[in-house]
Amino acid sequence: MSVLDDAFAAGAAVLAGAVESGELPGAAFAVASADGGVRHVVAGLADVGAGRAVTVDTPFSLASTTKPIAATVLGALVDAGVLAWDEPVDLPAGLLPPGRSPTLLEVAAHTAGLGTHHRFAYVDELTEDRSAWSASDAVRAAVASFARPVLPPGWQWRYSNLGYGVLQLVAERASGASMDDLVQRHVFDAVGMPTAGWGSPTGPAGAAVRYGAERRPYPGYTTDHPCASEAWCGIDDLVRFGLAHATGSLLSGATHGLLGSPVAPRQADGGAYGVGWVTRDVGTAPGGVRVLVHAGRMGGVGAHLTVVPSLGLAIAALTNVETERLGEAVAAVLARVIPGYAPPAPPPGWRGGPAHPSLRARWEGELLLGDDRSPAVIDASGDTITLTVDGEETPLVSPHLQPHLVAGHANLALRARLAPAGAILHLDALPARLVGDTLEPYRPDETGAIPDAIPDAIPDAIPDAIVGALVAARYASPDRPRQGDAVSAALLLHRVTP
């Protein structure tokens, strides 16, 4: 047995075992190499009620594994001279002081300053007046209402599905073609992906049914960010798409290189976002082995695609329930083909507590959702940190007010204006300095180090603004076991008391 055969068998065993135990309704797994063809395995049921088995041609929903497909379309348009990575992208006005627009590259790499966002439209919940609901109209409406920047561009990596909604509008405007046509031409036809589909509430013919808790099927649903989450395809088509990126056969060499290179800063787990891919350098070889990854998880969906360009290797895994098992299967392969490979370390735990000395103050300003502005206050001057919006005050739960981060959870009646009842509000902001009319990241000294105490000799080494978002997130619950929504309201506060 070759090394690759052994690696494939190890990954396949993880998913086959999960199907056999009843953890997964159905699953598909494949490994493709430039010189060894495609190895695949399928198991379980695509439709439990009908007893329909998973096959290599069964289309599965890809969730966020759609993003490499959308990024490929962008790369093709750049190669054709229709778009440029450094061109500015205009976003609706928000609370931030006037500044530069983010670039196409920053939007694609989640560093444009947009907030957390995911919204779902279930076909059985559309009221009569929304019976003609249009995905393209939903994208335009979402961008107009919610694509208000919560941070200046380039400050921080923040994963935002809505950014890929913005990219859809940019690509369609520049090319004069619909995103459906662009994806078909530059990806599905270019690779040869006959099982693939785009933007359907239930997928192409024969698609795997999406399942939630207690194996209840999800009704069909779409989103207001299809470029972030609405591709479908079978396992062989997905792994061959990955192989096209591993071998650099879809785009120019420069564009393939850019898509697979870190654009955003590396995160605590070692990953850094490129364009449509999370990049990691793994293993014990000098400099590591570059691995490109994008996983997808949402209601009734598990998807995973990994590409190793230096090995000409692609690994794909799909299932019709939300799970972490796919990452384990992929890791079993990588551990056998990359010396010294280790799975990503979990991020550091949450550290709560009172405000850092640099943030002990009263902060006043505004909250913006769409065109709706509300007065907002954070009072961190005492041991209890409170948030007030529209005159309603609540203490922050699990506050995390360290010198580099302002975060916590809040319970306010205004949630109904931000998202459906049952949402939880998450404060997600950063301290900042105002230099003239410009916001700059808070850096107390030239090295960027943030001291535990503020030296008396540096009286200006304290932030004078807080900028970010209040995210209203709705989660699945026993009375509504479906994927929920999240929208971000922009927040800008100024120090009122020292």
Side-chain angles (χ1 to χ4, degrees), residues 67 70-71 73-117 136 139-176 179 182 224-225 227-228 255 258-259 261-265 272-276 365-371 373 428-430 432-442 465-469 471 487-492:
K67 291 183 178 71
V73 171
L74 291 177
L77 294 178
V78 170
D79 282 348
V82 175
L83 292 173
W85 293 116
D86 60 355
E87 68 182 74
V89 175
D90 291 332
L91 298 176
L95 294 175
L96 299 179
R100 71 171 179 88
S101 297
T103 64
L104 182 75
L105 182 64
E106 287 172 323
V107 178
H110 301 288
T111 59
L114 294 171
T116 299
H117 184 95
S136 58
V139 173
R140 285 190 288 270
V143 170
S145 295
F146 299 112
R148 312 297 176 104
V150 302
L151 292 174
W155 269 32
Q156 191 183 57
W157 182 82
R158 289 197 176 188
Y159 192 77
S160 180
N161 287 318
L162 190 54
Y164 275 66
V166 172
L167 294 174
Q168 173 176 333
L169 300 185
V170 171
E172 290 178 336
R173 184 170 58 248
S175 67
M179 197 66 191
L182 293 171
D224 60 11
H225 41 78
C227 277
T255 298
L258 177 64
L259 267 58
S261 298
V263 175
Y273 212 88
V275 180
E366 286 186 301
L367 187 75
L368 175 69
L369 182 69
D371 294 322
R373 293 173 180 257
D428 184 8
L430 296 174
R433 293 282 298 158
L434 269 173
V435 180
D437 293 330
T438 302
L439 277 172
E440 294 186 356
Y442 170 47
I466 289 175
V467 59
V471 182
V487 296
S488 295
L491 184 73
L492 177 60

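Start at 1 with the first residue, then count along the sequence.
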Determine which pairs satisfy salt bridge (Lys or Arg N to Asp or Glu O under 4.0 Å) with at least one residue from residues 150-169, sequence neighbours left out, and list them in order.
Arg158-Asp428
Do [X] and [Y] have side chains that get closer than 4.5 Å, going by heavy atoms?
{"X": "Leu430", "Y": "Pro441", "answer": "no"}
{"X": "Leu167", "Y": "Cys227", "answer": "no"}
{"X": "Arg373", "Y": "Leu95", "answer": "yes"}
{"X": "Tyr164", "Y": "His225", "answer": "no"}
{"X": "Val78", "Y": "Leu258", "answer": "no"}
{"X": "Val170", "Y": "Val107", "answer": "no"}
{"X": "Thr103", "Y": "Val89", "answer": "no"}
{"X": "Leu162", "Y": "Val143", "answer": "yes"}

Quick one: [atom1] on [X] to [atom2] on [Y], what's the gap to the nearest 0.5 Å?
{"X": "Leu368", "Y": "Arg148", "atom1": "CG", "atom2": "CZ", "value": "5.5 Å"}
{"X": "His110", "Y": "Tyr273", "atom1": "NE2", "atom2": "OH", "value": "3.5 Å"}
{"X": "His117", "Y": "Asp224", "atom1": "NE2", "atom2": "CG", "value": "3.5 Å"}
{"X": "Leu83", "Y": "Leu105", "atom1": "CG", "atom2": "CG", "value": "12.0 Å"}
{"X": "Leu369", "Y": "Leu491", "atom1": "CG", "atom2": "CG", "value": "12.0 Å"}

Listed by chain and number, what are the side chain to side chain contact (heavy atoms under 4.5 Å, CB included) partners of Ala109, not counting sequence neighbours?
Thr111, Val263
Please identify each residue that fulfils side chain to side chain contact (heavy atoms under 4.5 Å, CB included) with Ala144, with sequence neighbours left out.
none
How far apart are the closest heavy atoms of [X] and [Y], and which atoms are they?
{"X": "Leu114", "Y": "Ser160", "value": "CB-OG, 3.6 Å"}
{"X": "Gly165", "Y": "Val139", "value": "O-CG1, 3.6 Å"}
{"X": "Leu91", "Y": "Ala147", "value": "CB-O, 3.7 Å"}
{"X": "Ala171", "Y": "Leu74", "value": "CB-CD2, 4.3 Å"}
{"X": "Ala84", "Y": "Leu104", "value": "O-CD2, 3.5 Å"}
{"X": "Leu96", "Y": "Pro152", "value": "CD1-N, 3.6 Å"}

Salt bridge (charged side-chain N to carboxylate O under 4.0 Å, His left out) partners for Arg100, two or more places apart
Glu106
Using the salt bridge (charged side-chain N to carboxylate O under 4.0 Å, His left out) criterion, which residues pair with Asp437? Sequence neighbours excluded.
none
Any donor and acceptor pair, going by atom type alone, linking the side chain of Ser488 with main-chain N or O of Val471 inside 3.5 Å?
no
Short question: side chain of Glu440, backbone of Arg433 - any donor-acceptor pair under 3.5 Å?
no
By the side-chain hydrogen bond (donor to acceptor under 3.5 Å, both in side chains) test, which pairs, at least two apart or in different chains, include something from residues 74-99?
Asp79-Ser252, Asp79-Thr255, Asp90-Ser101
May I ask you to check whether Tyr159 and Lys67 show a side-chain donor-acceptor distance below 3.5 Å?
yes
